[in-house]
Student: 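I have a structure I would like to understand better, so I am pasting it below and will then ask my questions one at a time.
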Amino acid sequence: MKHGVRKKHRLRTALIIVLILVICGFAAKYFIYDPAMEKAAETTYEKVIESATSDNSAESRKIKEAADSLSDSDKAAVSKIIKKHITASTAAKLLKYYKDGDYDKLKEFAQENLSDEEMAQLYEIYQKNSSN
């Protein structure tokens, strides 16, 4: 009889440990990973804008004005898309494409990585803010 009781205790202990690990995993995702990814997306957005407006050309001033005129909801939408698709290495690559004026590569990246809905959302934000 004792042998069966020990198995039940081991099984119960194992289930409790697994449950604790799952809860810790969810907590880490929501309290550590998600906020870190939000901050990374925000920083990436800021760095891309900063780099794109680093000189004093007419195009840089236009980009800066457009970025400054974005509403908080538009900035959040752009950051969400950035967070979903851009890593540090792809951000560097995309920034190089932009600096080199290789807009075909930028379009290719967008077509390969963004959904139709995300493309439409970015285009809508662009249209709304380019008319200002």
Student: With sequence neighbours excluded, tell me which residues meet salt bridge (Lys or Arg N to Asp or Glu O under 4.0 Å) with Asp100.
Tutor: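 Residues passing salt bridge (Lys or Arg N to Asp or Glu O under 4.0 Å) with Asp100: Lys96.
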
Student: When rounded to the nearest 0.5 angstrom, what distance separates NZ in Lys107 from OH in Tyr97?
Tutor: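 One gets 15.0 Å once the value is rounded to the nearest 0.5 Å.
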
Student: Report, as yes or no, whether the 6.0 Å neighbourhood of atom CD on Glu124 holds more than 12 heavy atoms from other residues, nucleotides or ligands.
Tutor: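 Result for CD/Glu124: open.
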
Student: Ser115: what forms a side chain to side chain donor-acceptor pair (under 3.5 Å) with it, not counting sequence neighbours?
Tutor: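 Checked Ser115 against side chain to side chain donor-acceptor pair (under 3.5 Å); matches are Glu118.
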
Student: I need the Glu117 CD to Ile81 CD1 distance, nearest 0.5 Å.
Tutor: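 Reported value, rounded in 0.5 Å steps: 8.5 Å.
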
Student: With sequence neighbours left out, what residues match Leu15 under side-chain contact (heavy atoms from CB on, under 4.5 Å)?
Tutor: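 side-chain contact (heavy atoms from CB on, under 4.5 Å) list for Leu15, sorted by chain: Leu11.
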
Student: Could you state the interatomic distance from CG (Asp116) to CD (Gln111), rounded to the nearest 0.5 Å?
Tutor: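 It is 10.0 Å, given to the nearest 0.5 Å.
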
Student: For Ala76, give me all partners under side-chain contact (heavy atoms from CB on, under 4.5 Å), at least two apart in sequence or on another chain.
Tutor: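 Residues passing side-chain contact (heavy atoms from CB on, under 4.5 Å) with Ala76: none at all.
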
Student: Output all residues satisfying side-chain contact (heavy atoms from CB on, under 4.5 Å) with Ile20, sequence neighbours left out; order by chain, then residue number.
Tutor: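 Residues passing side-chain contact (heavy atoms from CB on, under 4.5 Å) with Ile20: Ile16, Cys24.
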
Student: Should Asp102 and Asp104 be marked as a side chain to side chain contact (heavy atoms under 4.5 Å, CB included) after you check the CA-CA gap, both sets of side-chain angles, and the distance that decides it?
Tutor: CA-CA 5 Å; Asp102 195 348; Asp104 290 333; 4.0 Å; yes

Student: Tell me every residue that passes side-chain contact (heavy atoms from CB on, under 4.5 Å) with Phe31, counting only those two or more places apart in sequence or in another chain.
Tutor: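 With sequence neighbours excluded, Phe31 shows a side-chain contact (heavy atoms from CB on, under 4.5 Å) to Ala27, given in chain and number order.
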
